[in-house]
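Right, one structure below, let's go through it.
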Amino acid sequence: MGIEIKIVPDNAALNRVAASEFQNAAESAIAERGWLSVALSGGNTPRSVYSLLAAEYKTALPWDKVHIFFGDERHVPPGHPDSNYRMANEALLSKVPIPAGNIHRIRTELDPESAASDYENQLRAQFGLSKTDLPRFDLILLGLGDDGHTASLFPGSTALEETSRLVAPNWVEKLKTFRITLTLPILNRAAEVLFLVSGQGKAQILKEVLGSPGAMEFPAQRVRPQNGRLLWLVDHDAASLLPLESQPNL
Ligand code: 6PG
């Protein structure tokens with residue numbers, strides 16, 4: 001399946017479209033399988049999407065059938081300001097009627113290696129997988145870092161080349177810290193991957209990542225679901241350096 005690029009006027013529009021993509025994925029997954037598996041992204045961009053879901057989809061979505069996972073996590077305690085879990089909990093999970101058992105947190109109180117193995121076991125348990133099967137997420141939300149990283153798959157980092165583990169600890173030299181991240185085999189097995197990219201600050205890297213189709217220079221370029229939808233949802237400012245033909249007259 002090809003790359004879909006949807007350019008919207010601004011961050012508010014991006015939040016609305018992202019929330020409706022979430023709802024669409026939920027409706028079809030729950031109709032087909034009885035539950036939605038979604039991996040949330042960390043960082044700043046998705047926070048306002050999560051807030052909109054909490055504000056406008058509290059009763060519109062059957063949260064008891066939604067299972068929340070995380071695409072990656074910083075190796076900090078769950079209450080730490082840098083915690084992706086904390087961000088998602090404050091913006092969304094603590095504000096909607098989702099059972100605690102449906103929130104699958106990366107247990108960063110463990111060392112990075114144990115946290116990654118534990119999370120792989122959590123995935124296998126919830127998806128009901130054998131030792132060799134791979135989970136197929138209904139929806140994975142991702143962001144784009146200034147260096148072209150996504151989830152916690154940073155350029156030149158070991159987890160980027162992981163081919164068998166579902167979840168890997170990843171030392172990020174430039175941040176001098178560990179992250180725990182879903183690996184490319186999992187990202188590329190998803191039914192839908194939704195990149196959220198907002199703001200002028202992302203225009204240059206977005207141009208480099210989307211400007212040369214087929215290139216595999218940046219980690220984000222290596223996210224190509226084999227049998228799934230790949231949607232880049234970007235706002236006008238982030239898209240400002242993309243070739244004009246990909247910029248509908250907004
Ligand atoms: C994280 C994210 C990471 C993020 C990008 C973009 O834990 O930081 O998962 O991949 O999506 O760094 O972050 P911003 O949305 O803050 O620009």
Side-chain angles (χ1 to χ4, degrees), residues 8 10-12 14-15 17-19 22 38-53 68-93 104-108 112 115-116 119 137 139-157 159-160 162 167-184 186-188 190 193-210 218-223 230-235 237-240:
V8 295
D10 53 27
N11 186 262
L14 184 139
N15 298 337
V17 174
F22 189 106
V38 56
L40 300 183
S41 174
N44 294 313
T45 307
R47 187 194 305 267
S48 47
V49 176
Y50 302 158
S51 301
L52 183 68
L53 283 167
I68 299 282
F69 291 86
F70 290 83
D72 70 320
E73 185 59 280
R74 294 90 181 268
H75 195 244
V76 294
H80 188 282
D82 292 349
S83 163
N84 287 338
Y85 165 75
R86 176 177 165 177
M87 180 272 285
N89 190 46
E90 287 175 351
L92 172 62
L93 306 175
H104 307 274
R105 180 177 65 81
I106 296 176
R107 296 171 59 211
T108 48
Y119 208 54
F137 275 95
L139 178 64
I140 296 182
L141 303 181
L142 291 175
L144 177 65
D146 301 346
D147 58 359
H149 80 260
T150 191
S152 279
L153 299 170
F154 285 78
S157 63
L160 188 56
E162 181 58 56
V167 188
N170 203 22
W171 174 255
V172 183
E173 182 57 30
K174 70 175 195 177
L175 302 176
K176 298 275 183 262
T177 186
F178 268 103
R179 296 278 189 99
I180 294 100
T181 185
L182 296 185
T183 58
L184 279 173
I186 302 305
L187 302 182
N188 287 331
V193 172
L194 175 56
F195 275 95
L196 305 172
V197 188
S198 177
Q200 193 65 42
K202 295 290 173 68
Q204 181 57 40
I205 187 62
L206 191 65
K207 174 179 170 239
E208 292 174 50
V209 166
L210 293 181
F218 298 101
Q221 289 173 319
R222 297 172 64 177
V223 179
L230 175 59
L231 173 59
W232 284 80
L233 181 55
V234 303
D235 66 15
D237 286 350
S240 55

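One-based numbering, in listed order, for ligands and for the atoms of each. Numbering starts at 1 and runs along the sequence shown. Computed from a predicted structure; not experimentally measured.
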Short side-chain to backbone donor-acceptor contact, Asn11 and Ser198, under 3.5 Å: no
Atom 9 (O) of ligand 1 [closest protein heavy-atom partner, distance rounded to 0.1 Å]: Asp72 OD1, 2.7 Å
Numbering as shown, the atoms of ligand 1 that approach Gly143 to under 4.0 Å (heavy-atom distance): 11 (O)
Backbone or side-chain N or O of Ala151 under 3.5 Å from ligand 1 N or O: yes
Chi angles and distances behind the side chain to side chain contact (heavy atoms under 4.5 Å, CB included) call for Leu141, Tyr50: CA-CA 11 Å; Leu141 303 181; Tyr50 302 158; 3.9 Å; yes
Sub-4.0 Å atoms of ligand 1 with respect to non-hydrogen atoms of Arg74: 1 (C), 7 (O), 8 (O)
Interfacing atoms of ligand 1 (cut-off 4.0 Å, heavy-atom, Leu144): 6 (C)
Atom 13 (O) of ligand 1: the protein heavy-atom neighbour that sits closest, reported with distance to 0.1 Å: Gly43 CA, 4.0 Å
Enumerated ligand 1 atoms positioned under 4.0 Å from heavy atoms of Arg179: 1 (C), 7 (O), 8 (O)
Parallel, tilted or perpendicular: ring planes of Phe154 versus His149, cut at 30 and 60 degrees: parallel
Polar atom proximity, Ser152 to ligand 1 (N or O, under 3.5 Å): no
Heteroatom distance test (Thr150, ligand 1): nitrogen or oxygen, under 3.5 angstrom: no
Residue Asn44 vicinity, atoms of ligand 1 by number, heavy atom under 4.0 Å: 14 (P), 15 (O), 16 (O)
Identity and separation of the nearest protein heavy atom to atom 17 (O) of ligand 1: Lys202 NZ, 2.5 Å
Side-chain (Arg74) to main-chain (Arg179) donor-acceptor, under 3.5 angstrom: no
Which residue and heavy atom of the protein sit nearest atom 15 (O) of ligand 1, plus the separation: Thr45 OG1, 2.6 Å
Trp232 and Phe195 aromatic ring geometry - parallel, tilted or perpendicular at 30°/60° bounds: parallel
Pair Asn170, Ser152: side-chain N/O donor-acceptor within cut-off below 3.5 Å: no
Exam field: side chain Glu73 to backbone Ser83, donor-acceptor pair closer than 3.5 Å: no
Expected output: side-chain Gln221 to main-chain Phe218 donor-acceptor under 3.5 Å: yes
Parallel, tilted or perpendicular: rings of Phe178 and Trp171 (30°, 60°): perpendicular
Per-atom contacts, ligand 1 versus His149 - under 4.0 Å to a heavy atom: 3 (C), 5 (C), 10 (O), 12 (O)
Proximal candidate to atom 4 (C) of ligand 1 [heavy atom criterion; set Gly42, Ser83, Gly145]: Gly42
